[in-house]
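Here's the structure, in structure tokens; my notes come after.
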Amino acid sequence: MAAIALSRLSKRFAPGAPPALEEVSLEIAPGEVFGIVGRSGAGKSTLIRCVNLLERPDSGRVEVLGQDLMSLDEAALRAARRGMGMVFQHFNLHARRTVAENVAFPLEVAGMARAERERRVAELLPLVGLEAKRDAYPAQLSGGQKQRVGIARALASGPRILLCDEATSALDPETTAEILALIRDLRARLDLTVLLITHEMAVVKSVCDRVAVMEAGRVIEEGPVFDVFTRPTQPTTRRFVAEVIGHSVPPGTLSRLPQPGPGEARRLVQVLFAGPHSTRAVVSEASRDFDVDMNIVSGRVDEIAGEPFGVMALAAYGAPDKLEGALGWMRSLGLHVTELGEAA
Amino acid sequence: MNWLTPAMVDLLVEGFSETLVMVGASAAIAVALGLPLALLLHATGPGGLSPRPWMNRPLGLLVNAVRSTPFIILMVAIVPFTRLVAGTSIGTGAAVVPLALAATAFLARLFENALREVEPGVIEAARAMGATRMQIVTKVLVPEALPGLIAATTVALVSLVGFSAMAGAVGGGGLGDLGIRFGYQRFMPEVMLTVVLVLILFVQGLQSLGDWLVRRLSRR
């Protein structure tokens, strides 16, 4: 059974307005970190807010841990919401409550006795590394610390599901990395299912198992993070992927490349290294076996969802048939070779 | 200082205590009525906890109507109502009725503004955590807005001191009345000056107290 099952969700904020969501269906398995990525206005924020019905879809079905949320009355919905933690971009902490009081808030709302609340808070603060700040007020904390409070608060009532609404978008890159590591760590320790939305592909790359790409209220692409990164099918997805693994070749570089000699051709290609041959010495093997010269124009090696992955732009020189042979051989190894063309 | 006879001191003390009663009682009533009214305005307004335009608009109009009526006219206009509530339309007690009414409308708007200053995100977070509307009001909205509510109350208190001087017109007494009767009508500028000085000090004290409380309660 899926932890979260959304089926055919549609939502319009005003009659005649463009749809915020159009027939969106997603299934999120228990224990996975699922990312939804999209530009602002793509509908991702509306989508995550439909999961706990902060926003009610016009049509469709929202099922969380097997429970059909849309059919619940207000009291039952409130109870269901307590089973889901939510973390926000702007933290949304109570300015006049201390760290401990903020974390205790959902417990207070649920009617837990003070002594028990305090015990629970004492368990939660070490989880996010904020024991020393228990009596501080939010204004005295850094952005990363505020988000740690937000996370502790979201986890207070022991939810199975964590919803992260642009949880790192207001943080600097270093703090972002810390918070993402914390989320991954907590996911494993507390056996959580995490749904997060972001406009940053780097977040998806470092923390998600699967990803859905949204545009104009629709999910346009969905799959395991590694597949979406290495084999994006939609233009929007390609642009997102390019943000992180930047395969474009600086134009100045191209103009400085030597022209092919007499009887030679020049091919500009991008090679994606993924899978079992990603660590093979492909460039030197190809130049040795096919008698071609390979000029590496740009390249990087990275890890996506724990798997090695590389992308390289090559300028290859040689007799046209030899070049064709070399590129064909690379393709036969399962590498993705795409022609960049002279204009690229 | 030969005008400062023991009788005059008595009059000043009496005037000040009448001012205190008028301002204190009407402010207490205005806070007690204005806060629920402001919460209602806030909750029923667009984007509120339970938007209800059919309730919000007439309520807003009523508050505006009271606020735009000059106090001296309001005081006279509601004499029948004052008589109904206070049993009489003359005296310090009777003056509290129009003062409380004007201050309630005034405070309702100021309180509503203070409530609007609470970040909508904090309210949304409380909703996401399964808080009831009542819990959102008592545990989020009012506590988070508290410094703003106190600041609004300070503004209203200061305005009430000014309004209460007009209440002399319906026999409400108070320092303002004393200043007019002795300082103006009996040509005793020293009395007028004394009254004004006492009022300035009183208002300063109120403002400082309010500011201090706001500073203490804010955690920004």
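Chain naming here is simple, since letters A, B, ... match the order of the sequence lines and numbering starts at 1 in each.
- Heavy-atom pairs under 4.5 Å with chain B were tallied for Ala95(A), Ala80(A), Gly85(A), Ala139(A); the largest tally goes to Ala95(A).
- Within the 3.5 Å criterion, the main-chain N or O of Met129(B) finds no donor-acceptor partner in the side chain of Arg81(A).
- Looking at Glu144(B), the atoms closer than 4.5 Å to chain A (heavy atoms on both sides) sit in the backbone and in the side chain alike.
- Environment of CZ in Arg67(B): crowded, with over 12 heavy atoms of neighbouring residues, nucleotides or ligands closer than 6.0 Å.
- Contact detail for Pro147(B) and Arg96(A): the closest heavy-atom pair is CD-CD, 3.6 Å.
- Applying the 6.0 Å contact sphere to CZ of Phe13(A) captures more than 12 heavy atoms from other residues, nucleotides or ligands.
- Heavy atoms of Glu74(A) lying under 4.5 Å from chain B belong exclusively to its side chain.
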task = Go through the steps to decide whether Val109(A) and Gln135(B) satisfy the test side chain to side chain contact (heavy atoms under 4.5 Å, CB included), and finish with yes or no.
result = CA-CA 7 Å; Val109(A) 158; Gln135(B) 284 173 325; 3.4 Å; yes
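- Top candidate by heavy-atom pairs under 4.5 Å with chain A, chosen from Ser218(B), Ala126(B), Gly121(B), is Gly121(B).
- The contact between Leu93(A) and chain B is made entirely by backbone atoms, counting heavy-atom distances below 4.5 Å.
- Here the side chain of Glu119(B) pairs no donor or acceptor atom with the backbone of Asn92(A) at under 3.5 angstrom.
- With chain B as partner, the option from His90(A), Gln140(A), Glu108(A), Met84(A) having the largest number of non-hydrogen pairs under 4.5 angstrom is Glu108(A).
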ask   = Between Met86(A) and Glu124(B), does a side chain to side chain contact (heavy atoms under 4.5 Å, CB included) hold up when you go through it step by step?
value = CA-CA 10 Å; Met86(A) 193 166 192; Glu124(B) 178 167 80; 5.7 Å; no
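- Neither the backbone nor the side chain of Ile136(B) comes within contact range of chain A; no heavy atoms are under 4.5 Å apart.
- Enclosure of atom NZ in Lys146(A) by more than 12 non-hydrogen atoms of other residues, nucleotides or ligands within 6.0 angstrom is indicated.
- Between chain B and the residues Arg153(A), Arg97(A), His94(A), the most heavy-atom pairs under 4.5 angstrom are made by His94(A).
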